[in-house]
Amino acid sequence: MAVRDEEAVLLSKRAHYRHDPRWLLPASPRLCLACVLELLPEPGVSLVRKKHVLSCFRDVLVRHTSLVMQLLAQDQRVCIHFTRMLFGLLCSVEEGSMGDLCIEVLIQLTTQLKLEQTIPCLLDECHKELCNMPSMRGSLATLTLLGKLVDAIPALADKLVMEHRNLMEHLLRGLVYPSEGVQASVCYLYGKLYSSPMAAEVLSGHFREKLCPLFLSTLDGAQTKELQINCLGLLRQLLKYDLFVSMIMNKSALVESMDGVEGPPGQTTLPLVLKKLLLSRDEMLQVASAHCITAVLVHSPAKHAPAFIHADIPEFLFEHLSASSEVLIWSSYNCLILLAEEPLFFSKCHTVYGIESVVRSLQGSLRMNNTELHKQGMLLFAEILTRQPEEIKLFTSSAMCRDAGRALQQAVSSPVLEVAAEAVKAISAFLRKDHQSAPPVQYRELRSLLEAMLSRCADFSQTPLSRRSLGHASSRDLEKAILRRGQFLLSTLEGFRNACRLAVEFQSEPSAQENPFTAPSAEKEDTLEAFSEFLLSACDSVCIPMVMRHLEQATHPALMEVFLSILHSLFVIVPHMKEKFSKKLAASSFIRLTLELKARFCSGLSHSALNQVCSSFLYYLCINLLSAPENTGPPSQEELAAVSEVLQHGLPQISSSSPESLALLSDCQYVEGAARQRQFCILLLFYLAYIHEDRFVSKADLSVAVQSFLLSLQAQGERPPLVVLRASISLLAVCQDKDDALDEAVVSAIRKFLEGITDLHLIYTHHPLLLRFFLLYPELMSRFGHRVLELWFSWEESSYEELDDVPSAGQPTLPASLAALFHILRSSPSILLILLDLISSSPVDIARKVLIVLRTFLRRNEDVHVGGLIRGHFLLILQHLLVEYGDSPLEALGNLPLLLSLLSVLQLRNESEQELDSMAMKLLHQVSKLCGKCSPTDMDILQPSFNFLYWSLHQTTLGSQKRAAAVLLSSTALIKLLEKTLALTWAGEGSPRTTLLCSAWLLAASFSAQQHDGSLQVHQTLSVELDQVLKALSFPKRKATLLSAAILRFLRTALQQSFSSALVTLVPSGAGPLQAPEDTVLAPLGTSQVLSLVIGLQNLLVQVRPLLSEPLVLEPVHPGQEQEGVAASQSRDWFGTFRFIGHCFTRIQGPTASPGPGAQAHPDPGARGLARTRGPGLTRIQGPAASPGPGAQGSPGSRGPRPRPDPGPRAHPDPGARGLARTRGPGLTRIQGPAASPGPGAQGSPGSRGPRPRPDPGPRAHPDPGARGLARTRGPGLTRIQGPAASPGPGAQGSPGSRGTRPRPDPGFSLTRTQGRTASPRPRIQPHPDPGAHGLARTQGHVASPGPGAQPHPDPVPSLTQTQGHAASPGSGTQRGFVFLIPIPVGQFPLSNSFGHFLRVPGQPPQNSLGGGLGEAPVCPVRGGGLGEAPVCPRVKPSPQPETAGGTAPSTFQAAIVSPEP
């Protein structure tokens, strides 16, 4: 109790003891309210103490509001007394802080007590104070109290204006009082009063009549910041009401109208006042001014903006965009956005003045984190770009335009969706021609901008949506998310559409095609063409996928309208790609999509804009597809014009679903013009969709609808346009089931429609199903089959040459179109007759395709027996040709060679020998008759004809062969032609191809053999010049190996007949010398001719080896090349060549020498000897190596050489060294001696032949151990032989099988042909690694046997052995005579490939042949009289191994041909 008393005494010691304890606060501080009430009014108490007491009471009131209120509420009279006492204290003190403290306590008491009489009492006291005040000097405290009281209790505003109306007069007095503090208090109170709508309405008249001009003058003249802020606060409150805005702006307009007229002083306008504040350096005032401008413009930009524009407010707002304050920039953005709604804003060129500030502000603000600032900046930029008049250029330089584009690119990449959305809208407005026409157009920048926009849209569209099942709220959120995506996608597509529109507009401006400042050598990337192609690519890769994904979630008509307009504009932007783009759209089901949109949204009159866009898109899509069809001819301009008219009238009327469209197409009742146009449109749409694999209706339903449509046309006597007819037939062909045939009425209607057009190519579509459709129905095939097949082959892009490249063993996969044709041919073989007619009547290129197809079909379908059918039809064609055109049938038919070659294909199908029926005999007669009408220059006809005749002679039975030969021999014209053709063999220029000559020689040989064997009657003999034949064999032409084979075949036949053929007459070329007595046995050949022939045959034997052992390639037969088959098929007659050489040798050989006593056979069967003719019946033998010395063991079967006079020679270490023989002259034999026998105790290698030692102590070995010699003919019967190269030096390792060339002049190496030996190498020479290496019938000594321990070669080389006396017998059981072991490639001369393939002789054989060879190898001259160095001939690289059907052919196999002794 003592403490409480002490605390209470602190306030009033004298009076506290009298106070009731209930006024003492129960909480600390222990304040006594009664003491406060007694202390504050006391005049003797100092102001400081009063201020302290009031401050303590304020603190207690704040801390213990409820306790104080409870104490005061005990007695209302105390509360009123306390309020009046505080108000009196407020009015009596002049110290500012004390007054503020009083106002604060009064406000708290008033707001907390909530007593009915407290507020009225206080208002009455304030009113009395103002009324009793002679001057407004002391009204500051009262006005401030009223303002804060109304602020604390807004309802007091209405009570003041209603119950204290004369208070407004005192406020006006305070507003004109020259104290800005009082003015500020009045403005504050006005502001609080006008914040109440009811009070504002009551005070509207007061404002109009008295306050408005006074307030503007006060705002204009305010100097202190307090007054300026309170005035702007009052202005903000006034500007909330449209009434006061109109009053203020009308007052301003009135003052402006009186500009120049003397008016009352101090009047001003709001725009000028706000402009003045904008020019201040106070950021707060600038922001407040901008807010006020915004507040005015919000009510009516069109009404109030001109006043601010005329006051040049926009200029200062643009200047503020470079400020650092985000609030000021944001406020300026808002003002400018509203000002941009007034056209005067642009016509005054404020945007041209401020666009650079806007761009820089955007670039700077985008680096901040204020999202609202980004949004407002993009919104302002979009408004300016959108509303800027086209005649006033916004960007005056390309640099400024580039900066704007980069700012937009940065903004659209913002992660904030709202900012990116505003940026997309700005980009859409930016892509205008007048914004981009400042030269040069920045196409590269535009491309980067569009890429950024599309990338942002793609990222947003791919963001996964949250699909958690949270009830209806989640469903609504999902719908909002989809809607938000659709809006963003729509804005993006609008921007892309503007870019497409920009590209279209620039196409007509030459200056906008490319950057004129680009260097001529620079890459042209910044061009309109590149930009247009980018637009197409971006739409294809980005826009279309985004729209398709969005359509899976929702369909918005506005979005699809923009999207289809983009696709439409792309047809114009990239005209060279419109056909390709249209095909891709059609293949992507865009025809179906557009029809579904029309059916869903465009029924009736709804969405007319979408209907128009859809119809326009479909129209251009159809026109593009019809203008550049893939598998049919392009329509004429008349057809396109007719179709264009149909589509333009019919497409806008189509808004039905697919079933409804099919029902309309199937309408069999009478169809009027408009409905018929719609039917045409529907049919074309289905046709274009079907050919591009967009089949959104079933085949069966569509087929029925099309049939009904055609029958309806026929019933009404109408003829559809060609495009519609083509579409109908194509749809029927595609939709027809394999087992479901059309009705006869429909087929008849189609035939009538087709008969009414000039040519079938007008409606032809290249498709296997259409071909099947025409060939399936006899009524159509008989009338149009020939023309359809001709069109089919003319449309086939492939020439099918690759099918002829493959042999019959290989069966590659056929193309789909060809497989379909083969299936049709198998089901209806009679179509082959149409193909045969095509070969005879079509152009050469088409006929060639048909021939290859027929060949392939016959080769692959051997079970289809159509040979008689084709031969019979061909016989009719040939008979008609020969009868109608008489002596000049070749001029009538240019494809006759192709028909003849087809006969060869038919013959190939018959592998077994068959009897020739009557049709075959007739064909033989007609073909021989045709040949008789030809000249030797008609090679294209003669070659397949000779093939056919030759095959007919050989691939049949013996009886049929005789009949066929009789028929052919009866044709004297054919025999004469054959004689003329053979005579061209030795002609110079103008001779036929070698293949034809080969066929002629082989055919002549066959005729001669058949006539001789059957003793047939000869109507015309065949004369051949014998000397020319021998000359052709001795000096054959270049690349004429096959021709030499054919001539040999002919000579073999003549030799077998002993030159006694009744058909063939061998005549000499001219008068020759008398025959010697020994020539009678060789008649009609003389001795010199026989020797020349033998030498020529030897040379051919050498030259033949490359043909038989090196790879041969089977080549495809092209026109004119299949005739080489006869010569190729007779490759087996090379055996006859060698047999014929045997005959010639048999005629001049003597008895064979028997081996010496005790001699053993040589172990190396590949060792070859060489015999040479020194004269009639005289043979020179090259001896083997010397026998080994005493004690040496000879090799088994070695031949003992003539002993040499050298007493102790050493055996040559190289068993492979060969000797060399040379002829000294007629009747004179020089023998190259063997090597000296080895010394005592020396062990010779088995079968080795040592050469005579050379006097040169250190010869250098030739580096190529496989070097070969060269033979050269020095006269009839005389051959000069170059020996082999020297053996390699010590330790040298030879390459296996290599062939050497002429040795270079080397001081350590010489090849002495005059001594008849080879240079001996040094003693340490290694044996040749390939002991089986062999030459080609070379005039060398025996091949050395392998050294000790060497393995024999797996393929022993055959030898051609000929001796003067008795031949050394290699073993028991060997037939006496001449054995030719010929290496023949495996499977290279198959008889079945005689037609259609030929053998290509290697281009250049090895140049080691004897004599002139076959003409391929050049003869290397020898200097001097044969005593000089060996000539150098270039080495020839061997050809690679061939590829056959079974893999790589093996090297050779041995074929032995034994000619019996005479």
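Using the six-membered ring where Trp is involved, W792 and H766 have ring planes that are tilted, between 30° and 60° apart. Using the six-membered ring where Trp is involved, F571 and F617 have ring planes that are parallel, under 30° apart on the 30 and 60° scheme.
Atom CD of Q637 has 12 or fewer neighbouring heavy atoms from other residues, nucleotides or ligands inside a 6.0 Å radius. When the shell of 6.0 Å around OH of Y620 is examined, it contains 12 or fewer heavy atoms from other residues, nucleotides or ligands.
Side-chain contact between S842 and L838 is present, with at least one heavy-atom pair separated by less than 4.5 Å. Proximity of L836 to V850: side-chain heavy atoms (C-beta onward) are nowhere separated by under 4.5 Å. For the pair D540/L536, no side-chain contact is recorded, criterion being any heavy-atom separation below 4.5 Å from C-beta on. Contact check for S708 versus L665: no side-chain heavy atoms found under the 4.5 Å cut-off. Residues C735 and V706 are not in side-chain contact: their nearest non-hydrogen atoms beyond the backbone lie 4.5 Å or more apart. Put simply, the side chain of V723 does not reach to within 4.5 Å of the side chain of F680, judged on heavy atoms. No side-chain heavy atom of V734 sits under 4.5 Å from any side-chain heavy atom of F773. For the pair I544 and L567, the minimum side-chain heavy-atom distance is below 4.5 Å.
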Please tabulate, for the side chains in residues 574-583, all donor-acceptor contacts under 3.5 angstrom to protein atoms that are two or more places apart in sequence or on a different chain.
{"from": "S582", "atom 1": "OG", "to": "K578", "atom 2": "O", "distance (Å)": "2.6"}
{"from": "S582", "atom 1": "OG", "to": "N624", "atom 2": "ND2", "distance (Å)": "3.1"}
{"from": "K583", "atom 1": "NZ", "to": "A628", "atom 2": "O", "distance (Å)": "3.4"}

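One N or O on the side chain of S827 and one on the backbone of I824 form a donor-acceptor pair closer than 3.5 Å. Side-chain atoms of K849 come within 3.5 Å of backbone atoms of E796 as a donor-acceptor pair (strictly under, hydrogens ignored). Judged purely by atom type and a 3.5 angstrom limit, Y777 uses its side chain to pair as donor or acceptor with the backbone of L742. A donor-acceptor contact shorter than 3.5 Å is absent between the side chain of S748 and the backbone of A745. Looking at T594, its side chain does come within 3.5 Å of a backbone N or O of F590 through a donor-acceptor pair. In this structure, H649 contributes its side chain and E645 its backbone to a donor-acceptor pair below 3.5 Å.
Annotation: the span from I846 atom CD1 to L851 atom CG amounts to 13.5 Å, rounded to 0.5 Å. Atom CZ of residue F793 and atom CG of residue L821 lie 5.0 Å apart, to the nearest 0.5 angstrom. To the nearest 0.5 Å, atom CG of residue L688 and atom CG of residue L731 are 9.0 Å apart. Of the inter-residue distances, the one linking C614 atom SG with H568 atom NE2 reads 12.5 Å to the nearest 0.5 angstrom. Taken to the nearest 0.5 Å, the OG atom of S830 stands 8.0 Å off from the CG atom of L832. We find the CG-CD1 distance between L664 and I682 to be 4.5 Å, quoted to the nearest 0.5 Å.
In plain terms, the two heavy atoms of Y764 and R726 that are nearest each other are O-NE, 4.4 Å. Contact detail for I591 and L618: the closest heavy-atom pair is CA-CD2, 4.3 Å. Shown here for L647 and P652, the closest heavy-atom pair between the two residues is O-CD, 4.0 Å. Among all heavy-atom pairs drawn from L916 and S952, the shortest one is CD1-O, 4.0 Å. Shortest non-hydrogen contact noted between S661 and S656 is OG-OG, 3.0 Å. Residue T765 comes nearest to L770 through the heavy atom pair O-CD2, 2.7 Å, listed as atom of the first residue, atom of the second, then distance.
Applying the side chain to side chain donor-acceptor pair (under 3.5 Å) criterion to Q707, with sequence neighbours excluded, gives S703. With sequence neighbours left out, P720 forms a side-chain contact (heavy atoms from CB on, under 4.5 Å) with L713, V724, L725, F753.
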Practice task
Please test E755 against R783 for side-chain contact (heavy atoms from CB on, under 4.5 Å), starting from the C-alpha separation and ending with a verdict.
Solution key: CA-CA 9 Å; E755 288 176 348; R783 180 66 177 84; 3.9 Å; yes
Practice task
Carefully, step by step, assess S658 and F696 under the rule side-chain contact (heavy atoms from CB on, under 4.5 Å).
Solution key: CA-CA 8 Å; S658 299; F696 52 92; 3.5 Å; yes
Exercise for the section: I would like to know whether L711 and D743 meet side-chain contact (heavy atoms from CB on, under 4.5 Å); could you show each step before the answer? Expected result: CA-CA 11 Å; L711 293 176; D743 294 337; over 6 Å; no
Exercise for the section: Report the C-alpha distance between F948 and L900 in whole Å, list the side-chain angles of each, state the deciding distance to 0.1 Å, and finish with yes or no for side-chain contact (heavy atoms from CB on, under 4.5 Å). Expected result: CA-CA 8 Å; F948 173 73; L900 292 170; over 6 Å; no
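Residue pairs meeting the salt bridge (Lys or Arg N to Asp or Glu O under 4.0 Å) criterion with at least one partner in residues 685-713, sequence neighbours excluded, are R592-D694, E693-R695. Applying the ring pair (Phe, Tyr, Trp, His ring centres under 6.0 Å) test to residues at least two apart or on different chains, the pairs with a partner in residues 818-852 are F822-F857. The salt bridge (Lys or Arg N to Asp or Glu O under 4.0 Å) pairs that include a residue from residues 667-684 are R676-E718, where partners are two or more places apart or lie in different chains.
Ion pairing of R787 with E790 is present here, as a side-chain N (NZ or NE/NH1/NH2) and a carboxylate O approach within less than 4.0 Å.
Looking only at atom types and distance, the side chain of S728 has no donor-acceptor partner in the side chain of Y687 under 3.5 Å away.
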